[in-house]
Amino acid sequence: MEYERERSNLVRTLRERRISERTLKAISKVPRHLFVPSIHISHAYVDSPLSIGYAQTISAPHMVAIMCDLLELQEGHEVLEIGTGSGYNAAVMAEIIGKKGRIYSMERIEKLAKSASESLEKAGYSNVDVILGDGSLGYPEHAPYDRICVTASAPDTPKPLVEQLKKGGIMVLPEGDTYQNLYVIRKSMDGEITKENRGGVVFVPLVGDHGFNAFTGNR
Ligand code: SAM
């Protein structure tokens, strides 16, 4: 299989970061080279973020892996992702949740949504729907979700996303502007919300009604 050696080297690097075997197995299967622009293809299996145009990035594989582990994804889950970008994170999650699960992934930049859909199709992921729109409002059409994964940094936790999380569900999201932290939000079976800070990260901003302003950059 193409790039198999590069993928196993990447998996070896990630194993040193104590990523779960389930997530490593998914990473070992997803052809990241199909999700990066052709000018970056030689760096597709380097553990770093890469530009995907429109001032956006495909996240580093270790960040994708950490978020998948924090989400505690299970087979059959319905997952809402905010920030499709290249589609790579959606593909890794789709591997973990399997054919009985579904990913609804939202992207606000039309050209990225289109190219991510094409890459996902080429890579054979039919359990991912890419939706063009403001993900800070969530996607009520299929709510509530078992898991919500936000891959752009919000000024604070968008209320619609908390509302669209299932009881017993988990949401992972970065928050902050200059200084950002990654949070794990859990909704108990009683509807109680807890929020745990898992440390500093760097993401592009979440832009939208419950995100930063597209023109001023302010909240
Ligand atoms: N998950 C992506 C991947 O695997 O390539 C990386 C995502 S990139 C770090 C963040 C993405 O969030 C960008 O593509 C950006 O356009 C998108 N974004 C920002 N605000 C958004 C919003 N309100 N709704 C949907 N997408 C948004």
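Whatever order the structure lists ligands and atoms in, that order sets their numbers, starting from 1.
Between Gly83 and ligand 1, at least one N/O pair is under 3.5 Å apart. In terms of N/O distances under 3.5 Å, ligand 1 is not approached by Ala152. Inclusion of Ser59 in the set of residues having an N or O under 3.5 Å from an N or O of ligand 1 is not warranted. No N or O atom of Leu112 sits closer than 3.5 Å to an N or O atom of ligand 1.
Closest to atom 17 (C) of ligand 1, if we only count protein heavy atoms, is Glu107 OE1, 3.4 Å. Shortest contact from atom 27 (C) of ligand 1 to any protein heavy atom: Arg108 CG, 3.6 Å. Protein heavy atom nearest atom 6 (C) of ligand 1, with residue, atom name and distance: Thr57 O, 3.3 Å. Closest to atom 4 (O) of ligand 1 among all protein heavy atoms lies Asn89 N, 3.0 Å. The shortest contact between atom 7 (C) of ligand 1 and any protein heavy atom is with Thr151 OG1, 3.3 Å. The protein non-hydrogen atom at the shortest distance from atom 13 (C) of ligand 1 is Gln56 OE1, 3.2 Å. Nearest protein heavy-atom contact of atom 23 (N) of ligand 1 is Val207 O, 2.6 Å.
Within the structure, ligand 1 lacks His210 among the residues with a heavy atom less than 4.0 angstrom away. Heavy atoms of Gly211 stay at 4.0 angstrom or farther from ligand 1. A heavy-atom separation below 4.0 Å is not found between Ala91 and ligand 1. The shortest separation from a heavy atom of Pro205 to ligand 1 is under 4.0 Å, placing the residue in contact. At least one heavy atom of Thr84 sits under 4.0 Å from some atom of ligand 1.
Val207 and Leu161 are assigned to two separate hydrophobic clusters, defined by single-linkage of ILVMFWY side chains at heavy-atom distances under 4.5 Å. Note on Met67: it does not cluster hydrophobically with Ile185, by side-chain heavy-atom contacts below 4.5 Å among ILVMFWY residues. Tracing side-chain contacts under 4.5 Å through hydrophobic residues (I, L, V, M, F, W, Y), one never reaches Leu206 starting from Tyr54; they form parts of separate clusters. A single hydrophobic cluster is not seen to contain both Leu137 and Ile109; linkage of ILVMFWY side chains at heavy-atom distances under 4.5 Å, directly or through other members, places them apart.
In the vicinity of Glu81, heavy-atom distances shorter than 4.0 Å reach the ligand 1 atoms 1 (N). Atoms of ligand 1 found under 4.0 Å from any heavy atom of Gly133 (numbered from 1 in listed order, with element): 24 (N), 25 (C). Counting the atoms of ligand 1 from 1 in the order shown, those under 4.0 Å from a heavy atom of Ile58 are 5 (O). Close contacts of ligand 1 with Met106, meaning ligand atoms under 4.0 Å from a residue heavy atom, involve 25 (C), 26 (N). Per-residue contacts place Ser136 under 4.0 angstrom from the following atoms of ligand 1 (heavy atoms of the residue considered): 23 (N).
The main-chain N or O of Asn213 is never found under 3.5 Å from a side-chain atom of Asn218 such that the two would form a donor-acceptor pair.
Considering CD1 of Ile27 and CD1 of Ile19, their distance stands at 7.5 Å, rounded to 0.5 Å. The CD1 atom of Ile148 sits 7.0 Å away from the CD1 atom of Ile82 when rounded to the nearest 0.5 Å.
Of the charged side-chain nitrogens involved, none lies within less than 4.0 Å of a carboxylate oxygen, so that Glu118 and Lys122 do not count as a salt-bridged pair. A salt bridge is defined here as a Lys NZ or Arg NE, NH1 or NH2 lying under 4.0 Å from an Asp or Glu carboxylate O, and Arg147 with Glu81 fails to meet this definition. For Asp156 and Arg219, the salt-bridge test passes: some basic side-chain N is under 4.0 Å from an acidic carboxylate O.
Nearest heavy-atom pair across His62 and Asp47 is N-OD1, 2.9 Å.
With a 4.0 Å cut-off on non-hydrogen atoms, Ile109 touches ligand 1 through its side chain and not its backbone. When heavy-atom distances to ligand 1 are checked against a 4.0 Å cut-off, Asp134 comes that close through both its backbone and its side chain.
In this pair, Phe35 and Tyr88 present their aromatic rings perpendicular. The plane angle is above 60°, beyond the 30 to 60° band.
Inter-residue side-chain proximity for Arg7 and His33 is flagged as met; some heavy-atom pair is nearer than 4.5 Å. By the 4.5 Å heavy-atom criterion applied to side chains, Asp177 and Ser153 are not counted as neighbours.
With atom 5 (O) of ligand 1 as the reference point, the heavy atom nearest to it among Gly85, Gly135, Ser86 is part of Ser86.
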